[in-house]
Number of protein chains: 2
Amino acid sequence: MRHRLKDVAERAGVSVKTVSNVVNGYQHVRADTRARVEEAIAALNYRPNLSARNLRKGRTGVIALAVPELDIPYFAELARHVVTAAADHDWTVLIHQTGGGSEQERKAASGIGDHMIDGLILSPLALTSDDLAALHGLPVVLLGERVDNGPADHIMIDNVAAAREITAHLIGLGRRRIAAIGSQRTPEGASARLRLAGYTAALAGAGIAYDDRLVAPAPAWHRADGAAAMRHLLATGVRPDAVFCFNDTLALGALRALHEAGLRVPEDVAVAGFDDIEDGRFSIPTLTTVAPDKERIARLAVELLAGRLGPDRDSPPRELVTPHHLALRESAPL
Amino acid sequence: MRHRLKDVAERAGVSVKTVSNVVNGYQHVRADTRARVEEAIAALNYRPNLSARNLRKGRTGVIALAVPELDIPYFAELARHVVTAAADHDWTVLIHQTGGGSEQERKAASGIGDHMIDGLILSPLALTSDDLAALHGLPVVLLGERVDNGPADHIMIDNVAAAREITAHLIGLGRRRIAAIGSQRTPEGASARLRLAGYTAALAGAGIAYDDRLVAPAPAWHRADGAAAMRHLLATGVRPDAVFCFNDTLALGALRALHEAGLRVPEDVAVAGFDDIEDGRFSIPTLTTVAPDKERIARLAVELLAGRLGPDRDSPPRELVTPHHLALRESAPL
DNA sequence: ACGGAGAGTTACAACGTTGCAGAAATACAC
DNA sequence: GTGTATTTCTGCAACGTTGTAACTCTCCGT
C-alpha cells in the first residue's frame, strides 16, 4: 500500500538513487528518464518516508512551539502567527502545551526536543537556565521574560515601560485610586513582577502613594481569576476608580465583576488590560490595553530560529525588544 | 555532544543491544548490568533518536490534530482537551492549522500525514471523500459534519436537534421574530445548513412563519462577522426580538452590535449562541448557548484513533453522536 | 583516432535503532 | 552428572533514505 523508492525504481527501470535524484530535484537527469520516474511516482502515489529522510539528513523540518495554555487567547493568536511565519520556511509547527509547570516545560524542552524537532520556540513561565542547558544544543528562541543567564535568543517587549505607560494613561484620566490585578509572588511570575514595577513607577512619577490594598494577586491569569480579584477589591471597600489588569483575560473577568456590582465602566471605574486579544475589541465595553505586535514577535522568532539552523549557528545569543503601543478603547478612553 | 546507543554501550562495557534492552524496559537484564547501563545513560545524557526508532518501528508516537483556525476559541479549547487525552496514550499532538481551505486540508491530510504521524484527528470544513481516500490507510477520526461516504470514524453532535432546542427555548420566552445569524451557502457550510434546518424546524413546530429577511449570512464565524450581520439586520428594519447565532463568536459580535444600537439584551432582543466557549461565561451579558461536551469529544476521538492503531484496525467505520445540553444564561434566561 | 570534460547514472555505505536468532551462562529436574 | 529450561547477553540484518565516489556514455576539440 505504501511504496518506497525501491518500488518506484523498479517500475521506472532505473536505480533507487536516480529516483531519489528526481524527488530531490537534482539537475542532471535526462528528460525522458525524469518523465518515466515521475510517471511511476504518480502511479504508485509515492511519498518519501520522512523518518528515514530525517535520520539520514539529521533534520526533521519540524519546529516546536511550546506555550503554557492554548486556550488563553494570547497564546492561541501567537500560535497562529507562528504557524504562518513558519510556513514560509517550509516548516511544520508542532504545538505543545506545557501547562506552565516547570516539569512540563522541562519535558517540552528535553523530552520532545529529542530528535523530532529542529528547533524550539518556547514561551516559558517556570523554566530556569539549568533546564535550558539540558537541551544540549537544540536551538531555542524564548518569548517573554528573561531566563536568567539563558544562552538562548530571546524576544520580549518592554514590560516595565508598557505597564508604566498604560498606568500613566489611567492617571491622565484623573484617576488616583488605581488598582492592579494579577500580581504573583511565585518564581513563575516574572511578567507579573515587571508589570507591577511599571505600575509602581507610574504612580511614583505622578506623586501618588502606593497602596498595598489596591494590589490584588491572581494565581492564574484567567477570566475567573480576574473576576474573583475584582470582587475581592470591591468587598474590602477600597473603592478603586481605575484598574490595571496584567492581562486581557483578567480584565474581561474584572469587567464582569464590575458589571455585577452595578458599577459603570469607565465612568465609575476605568479598566485597562494587556495583550490586545481579539475579545477585547468586542467586549462591552471594549477594552483599553497594551498591544504588543504579535505578528512581528512570531516572525522574528521564526527568523531567529532559521538563523540558528543556518549561518548564525554559533553567533552570540540575541535579545530583541519588540515595540508595543496603547490601544485606547471604551474601558479607558482617551 | 549528542550521544548514541553505541556511546552508552562502550561506556557501560556492554553491547548496543543490551543498552537498547534497558532503554525499552526489557525484563531479562541482570540488575547490576542494568545499573551500569543506567549510570552511563545518565552520565552521557543519552536520548533515543526518535527518527531512527520510528524508521525501525514504523510508528512515530505523534498524532496530528488539524483544525481550521486555532484562535477560534472553540478549536483552542478542543485542542487543549485533545492534548490532554493524548497524553494518556503517550502521544504527542502535532497541531495543524488548515485555514479551512480545501487545499490546506488536503495538505494536512496527505502532506503532513506522510510518515511523521500515526493518525489524524481532523475537523474538516471543505474536505471531500476523495481527499480522504488519498490518505491511503492513515487512520483518521473526523470531528463535526459528515464527509459524504467517508470511510472514516466520525464524531459529531446532533446539530439539527441542538439548533431546534435552543430556538424552541427562544420561542418559549415568548419571542416570535427570531433571527438567525451565520447561514452559508458554500459547500463548506455543512454545520450552517444543519443548524439552519434545526432553526426552521423549531419555527415550524411553533407555527411561526419562516421569514427570509431574518436569516443573515456570515462568510466566516468570527466576532466581526456576527457584529456586521447584526448591524445589517437592524438596518433593514426587521426588528427581531431574538437572535440565534450559529456559534458563540458570532453571538459575541451580535451582542456588541446590539449594545452599540442601544438595545438591551435580553429585554429587547434575546441572544443565543452555540459552542459554550469560555468567553460566553464572562461576557456582558453572559451568553445562552448550546454546550457540546468538548472534553468527551476529544477523549472519544483519541480513543477511536487508539482503536484503529490497535485491535480495531479493520473494523467498520464508527459514527458517534455525543450529547449536548443548553446552557441558559443572561442573554436568554430561563 | 584520442583525450578530456561533462552529463547521466549507479553501487555502496551510512544515519541510529530494534527484531530475530542464537550463543553463553546459569538454574533446575531427575 | 547429565540433559533441559531459562535467563542474560550478543551479532547481524533491516527499516528507507541520501552523500560519496565511481562508472559509463556522449560530445567536442585537436
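We name chains A, B, ... by the order of the sequence lines, and we start the count at 1 in each one.
Every residue two or more places apart in sequence or in another chain that forms a side-chain hydrogen bond (donor to acceptor under 3.5 Å, both in side chains) with D7(A) is listed here: R4(A). Taking V29(A) as the reference, N21(A), V22(A), Y26(A), T33(A), R34(A) meet the side chain to side chain contact (heavy atoms under 4.5 Å, CB included) condition, with sequence neighbours excluded. By the salt bridge (Lys or Arg N to Asp or Glu O under 4.0 Å) test, R296(B) pairs with no residue at all, sequence neighbours left out. By the side-chain hydrogen bond (donor to acceptor under 3.5 Å, both in side chains) test, D88(B) is found to be paired with no residue, residues two or more places apart in sequence or in another chain being considered. Applying the side-chain hydrogen bond (donor to acceptor under 3.5 Å, both in side chains) criterion to E77(B), with sequence neighbours excluded, gives K294(B). In terms of the salt bridge (Lys or Arg N to Asp or Glu O under 4.0 Å) criterion, E10(B) has no residue partners (sequence neighbours excluded). Partners of E38(A) under the salt bridge (Lys or Arg N to Asp or Glu O under 4.0 Å) rule, at least two apart in sequence or in another chain, do not exist in this structure. The side-chain hydrogen bond (donor to acceptor under 3.5 Å, both in side chains) test applied to E295(A) returns R299(A), not counting sequence neighbours.
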Problem - Criterion side-chain contact (heavy atoms from CB on, under 4.5 Å) on L304(B) and D153(B), from CA distance to verdict - result: CA-CA 7 Å; L304(B) 282 181; D153(B) 288 327; 3.9 Å; yes
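A heavy atom closer than 4.0 Å to some atom of DNA chain C occurs in T18(A), N21(A), Y26(A), H28(A), V29(A), R30(A), T33(A), these being the qualifying members of residues 18-36 of chain A.
Terminal axes of the helix from dA1(C)-dT30(D) to dC30(C)-dG1(D) (five pairs each, C1' rotation axis) are separated by 40°, to the nearest 10°.
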Dump every N/O contact between nucleotides 11-16 of chain D and the protein below 3.5 Å, one line per pair.
residue : atom : partner : partner atom : Å
dA14(D) : N3   : R56(B)  : NH1          : 3.3
dG16(D) : OP2  : R4(A)   : NH1          : 3.4

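Counting only residues at least two apart or on different chains, no ring-ring contact (aromatic ring centres under 6.0 Å, His included) pair has a member in residues 4-23 of chain A.
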